[in-house]
Q: 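If you scroll down you'll find the structure; I have some questions about it.
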Amino acid sequence: MRYATRMSRCGTETAFEVLARAQALERQGKEVVHLQIGEPDFDTPRHIRQAAAKALEEGWTHYGPSPGLMELREAIAEYVARTRGTRVAPDEVVVTAGGKPIMFFAMMALLDEGDEVIYPNPGFPIYESVIELLGARAVPLPLREERDFAFDADELERLVTARTKLLIVNSPQNPTGGVLDKATLDRVAEIARRHDFYILSDEIYSRIIYEGEPRSLSSYPGLEGRVILLDGFSKTYAMTGWRLGYGVMEPVLAKHVARLQTNSNSCTNSLVQRAGVAALRGPQGEVDAMVAEFRRRRDAIVAGLNRLPGVTCRLPKGAFYVFPNITRTGMRSQELADAMLAEAGVAALSGTAFGAHGEGYLRLSYANSLPNIEKALRKMGDFLAARARA
Ligand SMILES: Cc1ncc(COP(=O)(O)O)c(C=O)c1O
């Protein structure tokens, strides 16, 4: 069988592969602490689960409109208007099975072969994968540890060419936990206006922020029609397995994206969308409690990592990841991640799973209990001390 050549350009997400390896070790009776997964360890709040059960009883079991149920699109439009301080109409909203399809559909609708897309590196691996799958050119924008994992706006501007069609921005960021400050976003907005390109603003972690207010490029004057906002329910409401997310974009692009949905999965699960309405319009206390718990874990894991030999770690401002610098362990990122899983029973990801600029780092998710985080730190400490002695 000969497969399409484009498949050689299609990447993946290493987290799923590491999970499979960790589970294989567990089947052999080994203990593994899971710090590789990018999902809240909390249950979906009860009122959201109950809304889904009610929707099932009420018969929300049929196809719905491709862009999403009108009531959910209205709820999203209100929510985005409230949280970003912009005006949003329901015909600018497309509901998808998680936030991820917005990357795929929006880039499919925007990019021609040879168009250039500037994207954060280290960054969510699916950006680069989709850019290359579509035959566009992936232009990495390095994130710098010394800037708390923000990029340098001058460096961004130097990467812009006449072929730049899209810039991808992710704040709060996976894998570094970095949050872009107002000065950087101001510069990004000004550069996008001047050079006339689109921005995909991935704000999936917008509610998981520990310092300051979340800022969105979608609320910048002069960027109207240029910003595709990606957000969803997976991280905010601990709903990763439900698959529910959305994009907000100018109405013509929204129509193209909905048409791509018609061509692929037709529409998003109807009863899950009903649960989404309950999530946005219902009480938000559990989200706040979850973020408070993440903050405690963040403080514990950062303090613990900074005590390990050869490891230094900055305090991230958002999301639920840390991105410690491991260069002084003397090991490469992949080598250390592999050895930590096999020898110490700690599953983490190599920084290079997020692009070449992730060399020298690991990504650990602290969406795990404090006792498990403490256990992982002990295991890592013993492992690194033994290595140092060897
Ligand atoms: C930066 C970023 N964007 C988008 C997503 C996709 O989220 P969803 O599960 O809603 O598709 C993730 C998930 O890990 C992510 O880290």
Side-chain angles (χ1 to χ4, degrees), residues 11-19 34-42 44 48 68 72 76 93-107 119-131 141 143 149-151 166-180 199-209 214 216-217 228-248 257 261 264-265 268-269 272-273 275-276 279-280 287 294 316-323 348-349 351 353-355 358 363-367:
T12 189
E13 251 191 274
T14 319
F16 292 107
E17 192 232 316
V18 173
L19 175 64
H34 293 267
L35 300 185
Q36 84 284 10
I37 342 168
E39 65 172 340
D41 54 317
F42 304 100
T44 304
I48 301 175
L72 179 58
I76 291 168
V93 178
V94 185
V95 179
T96 45
K100 216 181 201 180
I102 293 296
M103 294 169 201
F104 194 86
F105 293 153
M107 286 200 256
Y119 70 103
N121 190 318
F124 191 55
I126 300 306
Y127 305 144
E128 186 182 283
S129 170
V130 175
I131 298 165
L141 174 61
L143 304 185
F149 297 110
F151 53 82
L166 178 71
L167 165 70
I168 302 178
V169 174
N170 174 213
S171 176
Q173 211 247 354
N174 178 9
T176 65
V179 173
L180 294 177
I199 299 171
L200 172 61
S201 183
D202 183 341
E203 301 179 15
I204 199 94
Y205 298 101
S206 61
R207 295 280 289 277
I208 305 173
I209 185 158
S216 174
L217 281 164
I228 302 140
L229 167 68
L230 180 159
D231 201 347
F233 298 75
S234 300
K235 320 286 176 176
T236 305
Y237 298 103
M239 289 176 71
T240 47
W242 295 65
R243 309 310 300 135
L244 189 63
Y246 54 88
V248 180
V257 167
Q261 183 137 262
S264 48
N265 47 330
T268 306
N269 183 319
V272 167
Q273 291 191 67
L280 292 179
V287 179
F294 281 145
K317 296 193 177 78
F320 40 68
Y321 308 109
V322 280
F323 206 60
L349 299 185
F354 301 88
R363 190 200 76 171
L364 283 69
S365 159
Y366 50 89

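From a predicted model like this one, the values you see are computed outputs, not experimental measurements. Both counts, for ligands and for their atoms, begin at 1 and track the order of listing. The figures that follow rest on heavy atoms only: side chains count, while hydrogens, waters and symmetry mates do not.
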Q: Near ligand 1, which residues have a heavy atom under 4.0 Å away from one of its atoms?
A: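 Answer by chain and number: Gly98, Gly99, Lys100, Met103, Phe124, Tyr127, Asn170, Asn174, Asp202, Ile204, Tyr205, Ser234, Lys235, Arg243.
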
Q: List for me each residue that meets side chain to side chain donor-acceptor pair (under 3.5 Å) alongside Tyr205, sequence neighbours excluded, and say none if there are none.
A: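 Partners of Tyr205 by the side chain to side chain donor-acceptor pair (under 3.5 Å) criterion, ordered by chain and then number, come out as Lys235, Tyr321.
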
Q: Say whether, by atom type as modelled, one donor and one acceptor occur between the side chain of Ser171 and the main chain of Leu180 under 3.5 angstrom.
A: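 It does hold such a pair.
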
Q: If we ignore angles and hydrogens, is there a donor and acceptor under 3.5 Å between the side chains of Thr12 and Glu17?
A: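 No donor-acceptor contact under 3.5 Å links the two side chains.
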
Q: Taking C-beta and beyond as the side chain, do His34 and Asp41 meet within less than 4.5 Å on heavy atoms?
A: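 SC-SC contact between His34 and Asp41 ruled out.
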
Q: Once ring-ring contact (aromatic ring centres under 6.0 Å, His included) is applied, do any residues pair with Phe151, and if so which ones, sequence neighbours excluded?
A: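 Checked Phe151 against ring-ring contact (aromatic ring centres under 6.0 Å, His included); zero matches.
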
Q: Please list, chain by chain and in numerical order, all residues satisfying salt bridge (charged side-chain N to carboxylate O under 4.0 Å, His left out) with Glu39, sequence neighbours excluded.
A: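 Per chain and number, Glu39 pairs via salt bridge (charged side-chain N to carboxylate O under 4.0 Å, His left out) with no residue.
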
